[in-house]
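Below is one structure; the comments refer to it alone.
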Amino acid sequence: NNLIGLNFDVSYNIFDFKDLGENKLNDNLHELWLSFTKKYVVSPSIKFAQNLYGGDLKNSKGNYAYLSLAHNRNVGIIPVSLEGNIQYNNKYFIGNSGFSGAQAQLSLPFDLNGISITPKIGFQRAIDKDNFEHVTDVGVSLGYKF
């Protein structure tokens, strides 16, 4: 969607973290995300996330924001997306507020019969080393536009 020259997205997300909650059956997170992006060769964006429900997970009632830069291009016939961001955490899984980390992600998004498939690899470097760690993750996202 477009609003005064900015692309925006609103989404409701459910994350199921197996075996993290105290009673193991109530460990899902429900978050509302709002993001704004301006399309350029290197596109800036900002995303706000608010936790709506955190089960019995401690300090899950906070929120956070990402300030990002992204670049998309084709390398031959392969679409490639590079993104870097810095996060500000407002008491979300921690007792205080501040910059928590910086992330970089490489993804290869493509569509197959109306389904978007995005393999990706990400790296996180902790700024707040008391509450966060350096992390590398690999994953695949699936999506469908209605």
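Count residues from 1 along the sequence.
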Do the side chain of N74 and the main chain of G76 share a donor and acceptor less than 3.5 angstrom apart? no
Are Y88 and L67 grouped together when hydrophobic residues (ILVMFWY) are joined by side-chain heavy atoms under 4.5 angstrom apart? yes
Mark yes or no for whether H71, through its side chain, and V42, through its backbone, hold a donor-acceptor pair below 3.5 Å. no
Decide yes or no on side chain to side chain contact (heavy atoms under 4.5 Å, CB included) for N96 and D128, but give the supporting numbers first. CA-CA 10 Å; N96 59 342; D128 175 357; 4.3 Å; yes
Nearest atoms (heavy-atom pairs only) where K61 meets Y53: NZ-CA, 3.8 Å
Taking all heavy atoms of K120 and all of S141, pick out the closest pair and write down the distance. NZ-OG, 2.7 Å
Kindly compute the distance separating CD1 (I86) from CZ (R125), expressed to the nearest 0.5 Å. 14.0 Å
Rounding to 0.5 Å, atoms OG1 (T37) and CZ (F8) come to a distance of 11.5 Å
Do the ring planes of H30 and Y12 sit parallel (below 30°), tilted (30 to 60°) or perpendicular (above 60°)? tilted
If you apply the rule side chain to side chain contact (heavy atoms under 4.5 Å, CB included), what do you find for N72 with V80, and how did you get there? CA-CA 6 Å; N72 300 309; V80 175; over 6 Å; no
Of the non-hydrogen atoms in A49 and N63, which two are nearest, and what is the gap between them? O-CB, 2.9 Å
Joint hydrophobic cluster, I78 plus I117, side-chain heavy atoms closer than 4.5 Å: no
Taking all atoms of both residues into account, what is the closest heavy-atom pair of P109 and P79, and its distance? O-CG, 2.8 Å
Quick one: pull up CG in L108 and OG in S81 and give me the separation to the nearest 0.5 Å. 9.0 Å
So if you build clusters from Ile, Leu, Val, Met, Phe, Trp, Tyr with side-chain heavy-atom gaps below 4.5 Å, do Y66 and I94 land together? no
Enclosure of K38 NZ (heavy-atom neighbours >12, cutoff 6.0 Å): yes
Please enumerate all residues that pass ring-ring contact (aromatic ring centres under 6.0 Å, His included) together with F132, with sequence neighbours excluded. none
I need the minimum non-hydrogen distance between S97 and N90, along with the two atoms involved. OG-OD1, 2.6 Å
Are Q87 and Y92 linked by a side-chain donor-acceptor pair shorter than 3.5 Å? no
Is there a chain of hydrophobic side chains (I, L, V, M, F, W, Y, each step under 4.5 Å between heavy atoms) that links F93 to W33? yes
Distance in Å, Q103 CD paired with N85 CG, rounded so as to fall on 0.5 Å steps: 4.5 Å
Report yes or no: does E133 contribute a side-chain atom to a donor-acceptor pair with the main-chain N or O of A126 at less than 3.5 Å? no
Identify the heavy atoms of Y40 and P44 that sit nearest to each other, and give their distance. CD1-CD, 3.7 Å
Side chains of K47 and S68, donor plus acceptor under 3.5 Å: no
According to a 4.5 Å side-chain heavy-atom criterion applied to Ile, Leu, Val, Met, Phe, Trp and Tyr, with indirect links allowed, do L52 and F48 form part of one hydrophobic cluster? yes
dist F15:CZ -> N51:CG (nearest 0.5 Å) comes out at 10.0 Å
Distance, nearest 0.5 Å, that separates CD1 of I127 from OG of S100: 7.0 Å
Please indicate whether L142 has more than 12 foreign heavy atoms, meaning atoms of other residues, nucleotides or ligands, lying under 6.0 Å from its CG. yes
